[in-house]
Amino acid sequence: ELIICVGSPASGKSSFSKNHLVPKKYEHVNQDTLKTKEKCVKVTKEALEAGKSVVVDNTNPCPDTRLEYISLAKKAKVPVRCFYFNTPLNLAQHMNIYRELVTEGARSAVPSIAYNTYRSKLEIPTTSEGFSEVKIINFVPSFKNTKEENLFFKFME
């Protein structure tokens, strides 16, 4: 199976993928780690050809971006689902700053322009693109400890 994530920066895509899909042996494909879309497509293709399930954990805001991955799934004769992270903009921006704080700067905050770019390109995914299902994923916070929890809620109104 192929799962394509769609969501703004810091909407919870990576945390969800690492906590729920990677433990189920999904190959995790992410442009933050692989650096280019070309490498993401290559790793996805190779994993699907090897019979592995894959989660593509990128923003994927528009159908053109998603189509390349959907085509790979069709060639591999595997179902493809979309997980749409419908996180409100203000919450995603809050999580962006939170992520930088909790990692003590190891993970830099995404610049504001990235949210504007994502929003300008976003077309809500639909099954007409070739997905067997579009599942809406709502943000549910989870924390490793009370320090992280306190930090998360410290600046919430």
Side-chain angles (χ1 to χ4, degrees), residues 1-44 46-47 52-70 72 80-126 129 131 133-157:
E1 159 177 68
L2 174 64
I3 294 174
I4 299 173
C5 296
V6 173
S8 72
S11 61
K13 300 177 304 294
S14 293
S15 293
F16 183 91
S17 296
K18 290 174 185 173
N19 292 332
H20 299 285
L21 300 171
V22 171
K24 294 178 180 171
K25 305 296 183 214
Y26 280 73
E27 183 80 21
H28 184 240
V29 174
N30 178 281
Q31 195 164 320
D32 291 342
T33 54
L34 295 174
K35 304 298 180 205
T36 68
K37 183 180 180 202
E38 292 74 23
K39 284 184 185 173
C40 290
V41 170
K42 180 179 185 281
V43 170
T44 299
E46 290 170 353
K52 296 179 183 176
S53 290
V54 178
V55 56
V56 177
D57 167 22
N58 296 326
T59 59
N60 299 309
C62 56
D64 288 347
T65 304
R66 302 186 287 256
L67 181 60
E68 194 164 5
Y69 294 108
I70 293 167
L72 292 175
V80 57
R81 294 190 291 161
C82 177
F83 285 9
Y84 175 50
F85 291 76
N86 192 21
T87 306
L89 177 62
N90 62 341
L91 178 56
Q93 290 172 322
H94 173 77
M95 293 190 307
N96 185 34
I97 300 303
Y98 167 78
R99 178 173 61 193
E100 183 175 37
L101 292 172
V102 84
T103 64
E104 298 177 348
R107 189 81 194 269
S108 298
V110 174
S112 297
I113 187 103
Y115 291 93
N116 297 334
T117 301
Y118 173 79
R119 289 177 65 201
S120 71
K121 291 182 177 181
L122 177 63
E123 292 183 44
I124 307 297
T126 66
E129 294 177 52
F131 297 114
E133 173 186 28
V134 175
K135 186 169 185 61
I136 296 174
I137 307 293
N138 294 311
F139 176 74
V140 178
S142 65
F143 309 99
K144 293 178 185 169
N145 53 52
T146 54
K147 180 182 175 188
E148 285 187 7
E149 183 175 6
N150 291 339
L151 182 62
F152 181 85
F153 288 109
K154 184 175 185 175
F155 302 104
M156 298 286 285
E157 295 178 345

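Quick note: residue numbers are just sequence positions, from 1.
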Point to revise | Pairs meeting criterion salt bridge (Lys or Arg N to Asp or Glu O under 4.0 Å) with involvement of residues 90-109, two or more places apart | key: D32-R107

Exercise for review: Name all pairs fulfilling the salt bridge (Lys or Arg N to Asp or Glu O under 4.0 Å) condition that reach into residues 15-26, sequence neighbours left out, sorted by first residue then second.
Suggested key: none

Exercise for review: Decide if the gap between the ring center of H20 and the ring center of Y26 is smaller than 6.0 angstrom.
Suggested key: no

Revision key, fill the gap. Closest non-hydrogen contact found for N58 with C40 is ND2-SG, 3.8 Å

**Study point:** Beyond-backbone contact of L91 with Y98, side-chain heavy atoms, under 4.5 angstrom
**Key:** no

Review point. Are any of the side-chain heavy atoms of R119 and S8 separated by less than 4.5 Å?
Key: no

Review point. Take atom NZ in K42; do more than 12 heavy atoms of anything else shown fall under 6.0 Å from it?
Key: no

Practice item. For residues F16 and I137, determine if any side-chain heavy atom of one lies less than 4.5 Å from a side-chain heavy atom of the other. Key: yes

Practice item. Ignoring hydrogens and angles, tell me if any N or O in the side chain of T87 forms a donor-acceptor pair with the backbone of F139 under 3.5 Å. Key: no

Practice item. Would you sort out whether K37 and E68 count as a salt bridge (Lys or Arg N to Asp or Glu O under 4.0 Å), showing the intermediate values? Key: CA-CA 10 Å; K37 183 180 180 202; E68 194 164 5; 2.9 Å; yes

Check your understanding: Taking the side chain from T33 and the backbone from N30, do they hold a donor-acceptor pair closer than 3.5 Å?
Key -> yes

**Study point:** Nearest atoms (heavy-atom pairs only) where V110 meets Y115
**Key:** O-CE1, 4.2 Å

Check your understanding: Between atom SG of C62 and atom CD of E123, what is the distance when rounded to the nearest 0.5 Å?
Key -> 6.5 Å

Exercise for review: Could you tell me which non-hydrogen atom of V43 sits nearest to which non-hydrogen atom of V29, and how far apart they are?
Suggested key: CG1-CG2, 3.8 Å

**Study point:** Any donor-acceptor N or O pair under 3.5 Å, side chains D57, S14
**Key:** yes

